[in-house]
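The next block holds one structure in the form of structure tokens; read it before the comments.
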Amino acid sequence: QVQLVESGGGLVQTGGSLRLSCVASGRTFNSHPMAWFRQAPGKEREFVAAISWSGAVTKYKDSVKGRFTISRDNAKNTVYLQMNSLKPEDTSAYYCASRSEQYTIRLLTSSEWYDYWGQGTQVTVSS
């Protein structure tokens, strides 16, 4: 059973930073693409960032480019989302996701492409 557990969320002021972590367990982690999505109340879940199995390829939502950085440490089965220059519109629950396909460099932005999900961690940015 694959499990993804997010942590690192919290309350931060506009312009502040947070680093989210997602620890994977239950199967080999380092051969699968990973992603972060977010969902605000009353809104659809939206893509934030993704990273290929090796970390060589990344993709970002336009509005977070230059502010957020996705990375992974395969030795620790962990993917990170470093979030800088946070804005009130970044307030959401953030979810970690993984695709079961191995060794692909494709990184799709649709939530339907990902097979496993964490429970989410809340990020709140105050103005």
Side-chain angles (χ1 to χ4, degrees):
Q1 182 73 15
V2 175
Q3 286 192 322
L4 303 175
V5 179
E6 303 96 334
S7 63
L11 174 64
V12 65
Q13 291 185 335
T14 297
S17 298
L18 284 173
R19 188 177 80 156
L20 306 183
S21 299
C22 171
V23 179
S25 62
R27 65 153 164 78
T28 303
F29 167 80
N30 59 9
S31 58
H32 300 269
M34 302 291 293
W36 288 95
F37 284 74
R38 66 188 182 187
Q39 187 170 19
K43 295 187 177 181
E44 292 187 356
R45 188 166 295 189
E46 64 176 9
F47 171 81
V48 177
I51 188 166
S52 63
W53 64 275
S54 67
V57 182
T58 58
K59 180 179 286 188
Y60 295 91
K61 177 181 174 63
D62 285 346
S63 64
V64 308
K65 285 180 181 177
R67 300 189 298 123
F68 291 10
T69 302
I70 189 170
S71 62
R72 64 191 297 163
D73 185 339
N74 286 343
K76 296 182 178 180
N77 286 354
T78 303
V79 63
Y80 304 98
L81 185 67
Q82 177 67 44
M83 305 185 296
N84 299 328
S85 302
L86 282 161
K87 304 175 181 180
E89 51 264 43
D90 295 318
T91 294
S92 280
Y94 282 72
Y95 298 89
C96 175
S98 176
R99 178 165 170 85
S100 58
E101 182 180 2
Q102 293 181 305
Y103 302 117
T104 176
I105 61 171
R106 292 189 303 154
L107 297 175
L108 273 63
T109 61
S110 169
S111 61
E112 296 179 352
W113 195 66
Y114 296 87
D115 304 299
Y116 303 104
W117 294 85
Q119 294 300 307
T121 185
Q122 179 66 35
V123 171
T124 302
V125 185
S126 63
S127 57

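We count residues from 1, following the sequence as given.
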Pairs involving residues 101-110, ordered by first then second residue, that meet salt bridge (Lys or Arg N to Asp or Glu O under 4.0 Å) (sequence neighbours left out)
Arg99-Glu101, Glu101-Arg106
Scan residues 46-59 for pairs that pass salt bridge (Lys or Arg N to Asp or Glu O under 4.0 Å), counting only residues two or more places apart or in two chains.
Arg38-Glu46, Glu46-Lys61
In chain order, what residues pass the side-chain hydrogen bond (donor to acceptor under 3.5 Å, both in side chains) check against Ser71, with sequence neighbours excluded?
none
With Glu89 via side-chain hydrogen bond (donor to acceptor under 3.5 Å, both in side chains) - residues at least two apart
none
Taking all non-hydrogen atoms of both residues into account, name the closest pair between Asp73 and Phe29 and its distance.
O-CE2, 4.2 Å
Should Tyr80 and Trp36 be regarded as members of a common hydrophobic cluster, given that ILVMFWY residues are connected when their side-chain heavy atoms come within less than 4.5 Å of each other, either directly or indirectly?
no
Tell me, please, which residues at least two apart from Ser98 pass side-chain contact (heavy atoms from CB on, under 4.5 Å).
Leu4, Arg27, His32, Met34, Tyr116
Among pairs that include at least one residue of residues 53-76, which meet ring pair (Phe, Tyr, Trp, His ring centres under 6.0 Å), considering only residues two or more places apart or in two chains?
Trp53-Tyr103
Which donor-acceptor pairs under 3.5 Å do the side chains of residues 7-26 make with protein atoms, sequence neighbours left out?
from	atom 1	to	atom 2	distance (Å)
Thr14	OG1	Ser126	O	2.7
Ser17	OG	Asn84	OD1	2.9

Applying side-chain hydrogen bond (donor to acceptor under 3.5 Å, both in side chains), name anything that partners Lys76, two or more places apart in sequence or on another chain.
none
Taking side-chain hydrogen bond (donor to acceptor under 3.5 Å, both in side chains) as the definition, give me every residue that meets it alongside Asn74, ordered by chain and number, with sequence neighbours left out.
Arg72
Just jot down the salt bridge (charged side-chain N to carboxylate O under 4.0 Å, His left out) partners of Arg67, sequence neighbours excluded, or say none.
Asp90
Can you list, by chain and residue number, the hydrophobic cluster partners of Phe37 when the side-chain cut-off is 4.5 Å?
Phe47, Tyr95, Leu108, Trp113, Tyr114, Trp117
Through direct or indirect side-chain contacts below 4.5 angstrom among Ile, Leu, Val, Met, Phe, Trp and Tyr, which residues connect to Val5?
none
Check whether Met83 and Val125 end up in the same hydrophobic cluster, where Ile, Leu, Val, Met, Phe, Trp and Tyr are linked by side-chain heavy atoms less than 4.5 Å apart.
yes
Interatomic distance, CD1@Ile51 vs CD1@Ile105, rounded to 0.5 Å, equals 13.5 Å
Does the Glu6 side chain pair with the main chain of Cys96, one donor and one acceptor, at a distance under 3.5 Å?
yes
Test item: side-chain donor near acceptor, Ser31 and Gln102, under 3.5 Å
yes
